[in-house]
Amino acid sequence: MTTLSNYDYVVLVDFSGSMATVDAGKNDSRIKLVKESLTGLVSELAAVDEDGIDVITFGSELIQHTPGVKDSSIIETIFSRRRVAGGTPTAEALTKAFEVAGKSDKPDFLVVFTDGEPNNREAVKTVIRNQANKQANDADLTILFIQVGDDASAGDFLKDLDDNLNAKLDIVDVKTQAEADAFPTLGALIDAAING
(Lines give C-alpha, C1' and ligand atoms only; values in the text may rest on other atoms or scores of the structure.)
Protein backbone atom coordinates (compact mmCIF):
# COMPACT_ATOMS: atom_id res chain seq x y z
CA MET A 1 0.00 0.00 0.00
CA THR A 2 1.51 3.28 -1.07
CA THR A 3 1.21 6.07 1.46
CA LEU A 4 0.82 9.81 1.00
CA SER A 5 4.32 10.39 2.37
CA ASN A 6 5.86 8.66 -0.67
CA TYR A 7 4.94 11.59 -2.95
CA ASP A 8 5.71 15.24 -3.57
CA TYR A 9 2.62 17.37 -4.19
CA VAL A 10 1.81 20.25 -6.48
CA VAL A 11 -1.66 21.78 -6.21
CA LEU A 12 -3.02 23.96 -9.01
CA VAL A 13 -5.97 26.28 -8.39
CA ASP A 14 -8.07 27.87 -11.11
CA PHE A 15 -8.70 31.57 -10.39
CA SER A 16 -10.52 32.28 -13.67
CA GLY A 17 -13.62 34.48 -13.59
CA SER A 18 -16.09 31.60 -13.56
CA MET A 19 -14.72 30.41 -10.20
CA ALA A 20 -16.79 33.22 -8.62
CA THR A 21 -19.95 31.26 -9.57
CA VAL A 22 -22.19 30.00 -6.78
CA ASP A 23 -23.68 26.73 -8.00
CA ALA A 24 -27.27 25.68 -7.27
CA GLY A 25 -27.56 24.13 -3.83
CA LYS A 26 -24.25 25.61 -2.63
CA ASN A 27 -23.82 28.44 -0.14
CA ASP A 28 -20.40 29.61 -1.32
CA SER A 29 -18.62 30.38 -4.57
CA ARG A 30 -16.52 27.73 -6.28
CA ILE A 31 -13.29 29.44 -5.24
CA LYS A 32 -14.37 29.57 -1.56
CA LEU A 33 -15.19 25.87 -1.60
CA VAL A 34 -11.75 25.13 -3.10
CA LYS A 35 -10.11 27.24 -0.40
CA GLU A 36 -11.83 25.18 2.30
CA SER A 37 -10.81 21.90 0.65
CA LEU A 38 -7.26 23.08 0.12
CA THR A 39 -6.85 24.31 3.69
CA GLY A 40 -7.75 20.82 4.93
CA LEU A 41 -5.51 19.17 2.36
CA VAL A 42 -2.48 21.27 3.31
CA SER A 43 -2.97 20.34 6.96
CA GLU A 44 -3.09 16.66 6.00
CA LEU A 45 -0.18 16.70 3.58
CA ALA A 46 2.04 18.94 5.69
CA ALA A 47 2.14 16.12 8.22
CA VAL A 48 3.66 13.74 5.66
CA ASP A 49 5.51 15.95 3.10
CA GLU A 50 8.48 17.46 4.90
CA ASP A 51 9.39 19.96 2.18
CA GLY A 52 5.82 21.24 1.91
CA ILE A 53 3.57 21.36 -1.12
CA ASP A 54 3.85 23.65 -4.11
CA VAL A 55 0.77 25.75 -4.87
CA ILE A 56 0.24 27.23 -8.34
CA THR A 57 -2.64 29.62 -8.98
CA PHE A 58 -3.74 30.45 -12.51
CA GLY A 59 -6.28 32.79 -14.04
CA SER A 60 -6.33 35.56 -16.62
CA GLU A 61 -2.69 35.84 -17.79
CA LEU A 62 -1.27 35.35 -14.31
CA ILE A 63 0.37 32.18 -13.02
CA GLN A 64 1.81 32.36 -9.50
CA HIS A 65 3.88 29.72 -7.73
CA THR A 66 4.18 29.45 -3.94
CA PRO A 67 6.69 26.71 -3.00
CA GLY A 68 7.03 24.79 0.25
CA VAL A 69 3.59 25.41 1.78
CA LYS A 70 3.48 23.58 5.13
CA ASP A 71 0.97 25.66 7.01
CA SER A 72 -2.68 26.11 6.08
CA SER A 73 -2.51 29.79 7.12
CA ILE A 74 -0.42 30.37 3.96
CA ILE A 75 -3.49 29.30 1.94
CA GLU A 76 -5.34 32.25 3.50
CA THR A 77 -2.57 34.56 2.32
CA ILE A 78 -2.47 33.09 -1.21
CA PHE A 79 -6.24 33.42 -1.60
CA SER A 80 -6.38 36.93 -0.15
CA ARG A 81 -3.74 38.16 -2.65
CA ARG A 82 -5.67 37.00 -5.72
CA ARG A 83 -9.06 37.71 -7.13
CA VAL A 84 -10.88 35.58 -9.64
CA ALA A 85 -10.75 37.08 -13.12
CA GLY A 86 -10.23 36.37 -16.78
CA GLY A 87 -9.63 33.17 -18.67
CA THR A 88 -8.22 29.76 -17.80
CA PRO A 89 -4.58 29.23 -18.85
CA THR A 90 -4.55 25.55 -17.83
CA ALA A 91 -1.86 24.49 -20.31
CA GLU A 92 0.51 27.20 -19.08
CA ALA A 93 -0.19 26.31 -15.43
CA LEU A 94 0.51 22.63 -16.12
CA THR A 95 3.73 23.54 -17.92
CA LYS A 96 4.82 25.43 -14.79
CA ALA A 97 3.81 22.49 -12.59
CA PHE A 98 5.86 20.06 -14.69
CA GLU A 99 8.89 22.38 -14.25
CA VAL A 100 8.33 22.42 -10.47
CA ALA A 101 7.83 18.64 -10.28
CA GLY A 102 10.81 16.34 -9.90
CA LYS A 103 12.43 18.32 -7.10
CA SER A 104 13.23 15.09 -5.27
CA ASP A 105 13.47 11.41 -6.12
CA LYS A 106 9.86 10.93 -4.98
CA PRO A 107 7.15 10.62 -7.61
CA ASP A 108 4.94 13.68 -8.06
CA PHE A 109 1.21 13.97 -7.54
CA LEU A 110 -0.54 16.99 -9.05
CA VAL A 111 -4.04 18.02 -7.96
CA VAL A 112 -5.81 20.49 -10.26
CA PHE A 113 -8.91 22.27 -8.96
CA THR A 114 -10.72 23.74 -11.97
CA ASP A 115 -14.27 24.43 -13.06
CA GLY A 116 -13.32 23.47 -16.50
CA GLU A 117 -13.02 25.05 -19.86
CA PRO A 118 -9.37 25.92 -20.51
CA ASN A 119 -8.42 28.70 -22.92
CA ASN A 120 -7.02 26.08 -25.28
CA ARG A 121 -8.16 22.46 -25.07
CA GLU A 122 -5.58 21.16 -27.54
CA ALA A 123 -2.71 22.87 -25.72
CA VAL A 124 -3.75 21.16 -22.48
CA LYS A 125 -3.85 17.77 -24.19
CA THR A 126 -0.47 18.39 -25.82
CA VAL A 127 1.39 19.36 -22.63
CA ILE A 128 -0.05 16.37 -20.75
CA ARG A 129 0.61 13.96 -23.62
CA ASN A 130 4.22 15.19 -23.90
CA GLN A 131 4.71 14.70 -20.17
CA ALA A 132 3.16 11.21 -20.25
CA ASN A 133 5.23 10.15 -23.23
CA LYS A 134 8.53 11.05 -21.56
CA GLN A 135 7.80 9.27 -18.25
CA ALA A 136 9.25 5.84 -17.56
CA ASN A 137 6.11 4.75 -15.72
CA ASP A 138 2.67 6.10 -14.79
CA ALA A 139 3.49 6.53 -11.13
CA ASP A 140 6.37 9.01 -11.76
CA LEU A 141 3.85 11.82 -12.12
CA THR A 142 0.07 11.62 -11.74
CA ILE A 143 -2.48 14.38 -12.37
CA LEU A 144 -5.80 14.37 -10.55
CA PHE A 145 -8.31 16.88 -11.90
CA ILE A 146 -11.10 17.77 -9.50
CA GLN A 147 -13.96 19.46 -11.32
CA VAL A 148 -15.38 22.28 -9.24
CA GLY A 149 -18.99 23.14 -10.09
CA ASP A 150 -21.22 21.38 -12.55
CA ASP A 151 -20.43 22.81 -15.99
CA ALA A 152 -21.31 19.99 -18.39
CA SER A 153 -18.90 20.91 -21.19
CA ALA A 154 -16.07 21.23 -18.66
CA GLY A 155 -16.95 17.78 -17.36
CA ASP A 156 -16.91 16.41 -20.91
CA PHE A 157 -13.49 17.93 -21.55
CA LEU A 158 -11.99 16.49 -18.35
CA LYS A 159 -13.48 13.07 -19.09
CA ASP A 160 -11.96 13.30 -22.56
CA LEU A 161 -8.54 14.02 -20.98
CA ASP A 162 -8.93 10.92 -18.84
CA ASP A 163 -10.14 8.61 -21.61
CA ASN A 164 -8.76 9.85 -24.95
CA LEU A 165 -5.32 11.32 -24.44
CA ASN A 166 -3.61 8.80 -26.75
CA ALA A 167 -0.41 8.94 -24.74
CA LYS A 168 2.08 6.17 -23.92
CA LEU A 169 0.95 6.21 -20.27
CA ASP A 170 -2.30 7.09 -18.53
CA ILE A 171 -1.32 9.73 -15.99
CA VAL A 172 -4.69 11.52 -15.70
CA ASP A 173 -7.47 10.83 -13.24
CA VAL A 174 -10.65 12.94 -13.01
CA LYS A 175 -13.17 13.34 -10.23
CA THR A 176 -16.29 15.48 -10.12
CA GLN A 177 -16.91 17.60 -7.06
CA ALA A 178 -19.59 15.10 -5.96
CA GLU A 179 -17.16 12.18 -6.30
CA ALA A 180 -14.48 14.10 -4.39
CA ASP A 181 -16.99 15.05 -1.67
CA ALA A 182 -17.83 11.38 -1.14
CA PHE A 183 -14.39 10.87 0.45
CA PRO A 184 -13.95 11.83 4.10
CA THR A 185 -10.91 13.98 3.25
CA LEU A 186 -8.98 15.01 0.15
CA GLY A 187 -6.09 12.99 1.49
CA ALA A 188 -8.30 9.89 1.39
CA LEU A 189 -9.24 10.74 -2.20
CA ILE A 190 -5.57 11.10 -3.20
CA ASP A 191 -4.73 7.87 -1.42
CA ALA A 192 -7.47 6.08 -3.38
CA ALA A 193 -6.21 7.59 -6.65
CA ILE A 194 -2.64 6.51 -5.89
CA ASN A 195 -3.66 2.98 -5.00
CA GLY A 196 -6.50 2.73 -7.55
Review point. Between the side chain of N133 and the main-chain N/O of A167, is any donor-acceptor distance below 3.5 Å?
Key: no
Check your understanding: Any idea how F109 and Y9 line up, ring-wise: parallel (<30°), tilted (30 to 60°), or perpendicular (>60°)?
Key -> tilted
Check your understanding: Considering residues, nucleotides and ligands other than E61, do more than 12 of their heavy atoms fall under 6.0 Å from its CD?
Key -> no
**Study point:** Sidechain-backbone polar pair: K106 side chain, S5 backbone, donor-acceptor under 3.5 Å
**Key:** yes
Point to revise | No-hydrogen, no-angle side-chain donor-acceptor test under 3.5 Å, T88 and T90 | key: no
Point to revise | Validation row, ring centre F145 to ring centre F113 under 6.0 Å | key: no
Exercise for review: For R129 and L165, indicate whether the former's side chain and the latter's backbone hold a donor-acceptor pair under 3.5 Å.
Suggested key: yes
Check your understanding: Are the charged groups of D160 and R121 less than 4.0 angstrom apart, N to O?
Key -> no
Review point. For the side chain of R30 and the backbone of D23, is there at least one donor-acceptor N/O pair under 3.5 Å apart?
Key: no
**Study point:** Criterion side chain to side chain contact (heavy atoms under 4.5 Å, CB included) on V111 and I146, from CA distance to verdict
**Key:** CA-CA 7 Å; V111 183; I146 298 178; 3.9 Å; yes
Point to revise | Any donor-acceptor pair under 3.5 Å from K32 side chain to A20 backbone | key: no
Check your understanding: Is the backbone N or O of D191 less than 3.5 Å from a side-chain atom of N195, with the two atoms forming a donor-acceptor pair by type?
Key -> yes
Review point. What's the verdict on side chain to side chain contact (heavy atoms under 4.5 Å, CB included) for I128 and K125, showing C-alpha distance, side-chain angles and the deciding distance?
Key: CA-CA 5 Å; I128 295 174; K125 285 185 164 183; over 6 Å; no
Review point. If we only count heavy atoms from C-beta on, is the K35 to E76 side-chain gap below 4.5 Å?
Key: yes
Exercise for review: Keeping the roles fixed (side chain from N120, backbone from A123), state whether a donor-acceptor pair exists under 3.5 Å.
Suggested key: yes
Review point. Is a side-chain donor or acceptor of E44 paired with a backbone partner of G187 at a separation under 3.5 angstrom?
Key: yes
Point to revise | Student check: side-chain heavy atoms of I190 and L41 closer than 4.5 Å | key: yes
Check your understanding: Quick check: are there more than 12 heavy atoms from other residues, nucleotides or ligands sitting under 6.0 Å from CG of N27?
Key -> no
Practice item. Would you mind checking if D54 and K103 are paired as a salt bridge, meaning a charged N to carboxylate O distance below 4.0 Å? Key: yes
